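Please read the structure below before turning to the comments.
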Amino acid sequence: MNEYFRSRFNRQPIEVISGDYYFGSDNDGDNFDKNDVDLWLNGVFKDRWDKAFKVEDDLLSYFFTDVLDVFDENPTPFMEIACGPGMGLTPIILSKYPDIVCLATDACSLLIKSWRQYINHDLKEFNIDLASFSAMDMPIKDNSLDMVTSFIGVSSTRSGEQGKIRALKEIFRVLRKGGCLIAIENEWSDIEAIKNVFQLWGRPMWAGMKEDTTWYEKFEKCGFTVEKTDKTFFRYLNRDDNELGEQADKYGIKIGLKFTLFILRK
Ligand SMILES: C[S@@+](CC[C@H](N)C(=O)[O-])C[C@H]1O[C@@H](n2cnc3c(N)ncnc32)[C@H](O)[C@@H]1O
């Protein structure tokens, strides 16, 4: 763990493995298993990493220059939350600033262990620290970080509106005054279409799909100043995304998904 991040933790990890900190947060993360690990290490990590800064990835490349503009102004260490199998905005940022120190985090310990294996073999040139903890309960000191990044990270917390608010309050707490959150988050654009699909499917709607407030309202509620929110990307859920995409495709119903880039300040 680089000194920059080591000095910013506020409690001891339960375990340290290969220099990475583990805080016992698996209950909050996704339930990945050995099959996922095989897929990650045999192509998914590499594909996602390479794709993040290639023009053919519509979604990430659409926001590529906006993310880097923030780092051009202030190339600072950053912490990625809920990094997932794509490691969020990290590949984009390191493509231009390979020497920046970063801390990629996710609640799922298996994912973090797999990323360590991959990084030690294939991404040795970068300073990527790893830690496993929940975005809703960060073991990080108050007012200690300059930059936090999230690519569908806050959206991925699995406790509905309250989970998102808890994660945003945590991010706000750990950022120093004037610190920045770059977040690309998503929302469903047509909840009626989703209700229709679940009805035809004969299943109850998944928890947390209907938002109580907009992202803008959530950020403001947690104390952030919204600096930029004018860039969005729209696409329809497809059958390869998840079970809901499969069902929507089966019944010929289109479910829209909107991604928005937010640049936020404490
Ligand atoms: C769909 S991915 C998010 C996208 C990801 N940033 C990427 O680039 O691939 C979902 C990830 O969020 C993680 N996650 C879910 N809830 C979390 C939480 N409360 N804290 C931290 N990570 C969480 C999961 O373990 C999973 O790895």
Side-chain angles (χ1 to χ4, degrees), residues 13 20-33 35-37 39-40 43-54 57-64 67 78-95 102-116 118-119 123 128 130-140 148-171 173-174 181-188 206-209 233 237 240-245 257 259-262:
D20 304 322
Y21 294 1
Y22 291 82
F23 291 86
S25 54
D26 281 323
N27 284 343
D28 279 345
D30 285 6
N31 296 316
F32 296 119
D33 60 23
N35 291 335
D36 296 300
V37 175
L39 292 172
W40 294 335
V44 170
F45 281 168
K46 179 172 175 14
D47 281 359
R48 297 279 200 97
W49 189 277
D50 292 348
K51 247 191 188 166
F53 38 98
K54 287 209 178 120
D57 183 285
D58 291 345
L59 174 56
L60 272 169
S61 55
Y62 181 69
F63 294 111
F64 187 84
V67 171
F78 66 96
M79 178 176 83
E80 180 88 41
I81 62 146
C83 69
M87 224 193 256
L89 301 181
T90 303
I92 293 183
I93 298 161
L94 296 187
S95 72
C102 66
L103 176 67
T105 69
D106 196 285
C108 173
S109 61
L110 188 61
L111 179 85
I112 292 299
K113 284 175 192 159
S114 306
W115 265 120
R116 173 51 62 209
Y118 185 75
I119 289 167
L123 299 171
I128 306 173
L130 296 170
S132 185
F133 58 76
S134 172
M136 300 184 294
D137 177 24
M138 299 186 188
I140 303 284
V148 174
T149 51
S150 164
F151 175 60
I152 324 176
V154 184
S155 307
S156 294
T157 53
R158 297 181 301 157
S159 305
E161 177 82 6
Q162 284 320 307
K164 290 173 190 154
I165 294 291
R166 275 173 62 196
L168 288 176
K169 283 189 172 162
E170 279 293 82
I171 297 170
R173 178 183 67 74
V174 303
L181 165 62
I182 308 177
I184 296 170
E185 301 298 342
N186 61 14
E187 62 205 297
W188 304 107
W206 293 338
M209 293 195 86
F233 182 92
L237 197 69
D240 300 325
D241 282 319
N242 56 22
E243 272 186 300
L244 179 60
L257 203 48
F259 300 79
T260 305
L261 168 76
F262 296 93

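Since the structure is predicted, the reported quantities are computational estimates derived from the model, not experimental observations. As the structure lists them, so they are numbered: ligands from 1, and atoms in each ligand from 1.
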message: Tell me every residue that passes ring-ring contact (aromatic ring centres under 6.0 Å, His included) with Phe32, counting only those two or more places apart in sequence or in another chain.
response: Trp40

field: Beyond-backbone contact of Phe23 with Asp137, side-chain heavy atoms, under 4.5 angstrom
entry: no

field: Residue list, salt bridge (Lys or Arg N to Asp or Glu O under 4.0 Å) with Glu170, at least two apart or on another chain
entry: Arg173

message: Working to the nearest 0.5 angstrom, can you tell me the gap between Arg48 CZ and Thr90 OG1?
response: 13.0 Å

message: Please enumerate all residues that pass ring-ring contact (aromatic ring centres under 6.0 Å, His included) together with Trp188, with sequence neighbours excluded.
response: none

At less than 3.5 Å, what protein N or O atoms come close to the N or O atoms of ligand 1? Include the distances to 0.1 Å.
| residue | atom | partner | partner atom | Å |
| --- | --- | --- | --- | --- |
| ligand 1 | 6 (N) | Ala82 | O | 2.9 |
| ligand 1 | 6 (N) | Cys83 | O | 3.2 |
| ligand 1 | 6 (N) | Phe151 | O | 2.9 |
| ligand 1 | 8 (O) | Cys83 | O | 3.3 |
| ligand 1 | 8 (O) | Gly88 | N | 2.9 |
| ligand 1 | 9 (O) | Arg48 | NH1 | 3.3 |
| ligand 1 | 9 (O) | Gly86 | N | 2.9 |
| ligand 1 | 16 (N) | Asp28 | O | 3.1 |
| ligand 1 | 19 (N) | Ser134 | OG | 3.2 |
| ligand 1 | 20 (N) | Ala135 | N | 2.8 |
| ligand 1 | 22 (N) | Ala107 | N | 3.2 |
| ligand 1 | 25 (O) | Asp30 | N | 2.9 |
| ligand 1 | 25 (O) | Asp106 | OD1 | 2.7 |
| ligand 1 | 27 (O) | Asp106 | OD1 | 3.3 |
| ligand 1 | 27 (O) | Asp106 | OD2 | 2.7 |

query: How far does CE of Met87 sit from CD1 of Ile128, to the nearest 0.5 angstrom?
result: 4.5 Å

